[in-house]
Amino acid sequence: SRGAIVVLPYLDINCNDVRDPGEPKVWGLKIGTNMGEVMPQSKDSCIRIYNLEPYTKMYMDLDKFSFDNIAWQIKNATLKVAIEPNKLKLVEVPVSIAGEASGMVYANSSKTTGQQGIIVNFYRSDLSLAGRTVTESDGFFSFLGLAPGTYTARIVTAQLNKLHMIASPASLPVIISATAEGDVVDNLQVVLQAGQRNAGKTIQKDSNLQDKTGMIKVAESSKKPRSNNQSTSLSSSDSVEVNENKAQSEPVTQAPKEA
């Protein structure tokens, strides 16, 4: 009358949280649970958990640092699984592949000096923000966390206006390919130049970026730009609940509710 679980981690190459044909299993995932007996991986990459009390909820913590490849990432670090009697439940864990984009922001056209503290945003094709990063002391920037797809890299316009500068080019295309090891796009280069002033403001137009109403985005929000040096990206919560026989994940923003 006891329950059991099989955890199957797989490489989610297209980052759609669904195991598609051809997406392989991955080795090395480390987990922790609040109940049951965890059997070590021996013949395959699956992790088996036995001797589970039926009609209860098992909490499972997934170690985000299980893999040697930093491009392999786990979106949801905590799962809550409903235990059923006399049943071996399959829980599939997608391991997404994060792409990386890097480059330089120069303070002069000769490209001899980099500019520190410049905020670089990465936008998806629908103009939603995918992530942002800040240039280092030498002008170098790097962002890890882009799913396969097409993006636009662009310096925050409000910051350029404050500095009375324009960026050349105004935006850069970034294409992340779906690969098992994670794609890297490097050598992105932006040069800062003195900009035209209009009523005390520097105006930079970018015809490639329009808001959802079709208007060209000339300036960013009036909010102050972030000042930290950490790369951030839009991501789901670290807690999900598995309710069906085949694991399904959905982000939650508060303590998991009882089924």
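Residue R2 holds its CZ atom at 11.0 Å from CG of N86, rounded to the nearest 0.5 Å. Residue L52 holds its CG atom at 14.0 Å from NZ of K87, rounded to the nearest 0.5 Å. A distance of 9.0 Å separates CD in E92 from SG in C46, rounded to the nearest 0.5 Å. Of the inter-residue distances, the one linking I70 atom CD1 with F65 atom CZ reads 11.0 Å to the nearest 0.5 angstrom. Between the CD1 atom of I155 and the CG atom of L160 there is a distance of 5.5 Å, given to the nearest 0.5 Å. If you take CD1 on I119 and CZ on R154, they are separated by 13.0 Å, rounding to the nearest 0.5 Å.
No side-chain donor-acceptor contact under 3.5 Å links T78 to the backbone of D61. Of the possible polar contacts, one joining the W72 side chain to the A180 backbone as a donor-acceptor pair under 3.5 Å is found. The backbone N or O of Q115 sits less than 3.5 Å from a side-chain atom of T135, completing a donor-acceptor pair. In this structure, S66 contributes its side chain and K30 its backbone to a donor-acceptor pair below 3.5 Å. Remark: the backbone N or O of E181 is paired with a side-chain donor or acceptor of N69 at under 3.5 angstrom.
Taking both residues in full, the closest heavy atoms of A130 and L146 are given as CB-CD2, 4.1 Å, listed atom of the first, atom of the second, then distance. When every heavy atom of A153 is checked against every heavy atom of V120, the shortest pair comes out as CB-CG1, 4.4 Å. Shortest non-hydrogen contact noted between G3 and I83 is CA-CG2, 4.0 Å. For the pair S128 and D126, the tightest heavy-atom approach, listed with the atom from each and the gap, is OG-OD1, 2.6 Å. When all heavy atoms of E53 and T56 are compared, the closest pair comes out as O-OG1, 2.5 Å. Between A71 and G182, the shortest heavy-atom contact is CB-CA, 4.2 Å.
Using a 4.5 Å heavy-atom threshold, the side chains of E23 and L11 count as separate. At least one side-chain heavy atom of I49 sits less than 4.5 Å from a side-chain heavy atom of I31. Residues I118 and L163 form a side-chain contact, since some pair of their non-hydrogen atoms from C-beta on lies under 4.5 Å apart. At a threshold of 4.5 Å between non-hydrogen side-chain atoms, the residues V174 and I176 count as touching. Between T33 and Y59 there is no side-chain heavy-atom pair separated by less than 4.5 Å. K57 is not listed as a side-chain neighbour of M35, based on a closest heavy-atom distance of 4.5 Å or more. Taking the side chain as every heavy atom from C-beta outward, D63 and I74 never approach each other to under 4.5 Å. The shortest distance between side-chain heavy atoms of F67 and L29 falls below 4.5 Å.
Side-chain heavy atoms closer than 4.5 Å link hydrophobic residues (I, L, V, M, F, W, Y) into clusters, and following such links, even through other members, never connects V191 to M165. Residues I5 and V38 fall within the same hydrophobic cluster, defined by Ile, Leu, Val, Met, Phe, Trp and Tyr side chains chained together at heavy-atom separations under 4.5 Å. Residues F140 and L192 are members of separate hydrophobic clusters, defined by side-chain heavy-atom contacts under 4.5 angstrom among Ile, Leu, Val, Met, Phe, Trp and Tyr. Taking hydrophobic clusters as Ile, Leu, Val, Met, Phe, Trp and Tyr residues chained together by side-chain heavy-atom distances below 4.5 Å, Y106 does not share a cluster with V156. Grouping the Ile, Leu, Val, Met, Phe, Trp and Tyr side chains by contacts below 4.5 angstrom, directly or via other members, places V95 with I47.
When the shell of 6.0 Å around CG of N51 is examined, it contains more than 12 heavy atoms from other residues, nucleotides or ligands.
Remark: E37 engages no residue in a salt bridge (charged side-chain N to carboxylate O under 4.0 Å, His left out) (not counting sequence neighbours).
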When the side chains of residues 97-105 are checked against the rest of the protein, which donor-acceptor pairs come out under 3.5 Å, sequence neighbours left out?
residue: E100; atom: OE2; partner: S142; partner atom: OG; Å: 2.6

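Grouping Ile, Leu, Val, Met, Phe, Trp and Tyr residues whose side-chain heavy atoms lie under 4.5 Å apart, directly or via other members, places Y50 in a hydrophobic cluster with M39.
Side-chain atoms of R132 and N121 include a donor-acceptor pair closer than 3.5 Å.
Ring geometry for F141 against F122 counts as tilted: the plane angle lies between 30° and 60°, on a 0 to 90° scale.
By the 4.0 Å N-to-carboxylate-O rule, K75 lies close enough to D17 to be salt-bridged with it.
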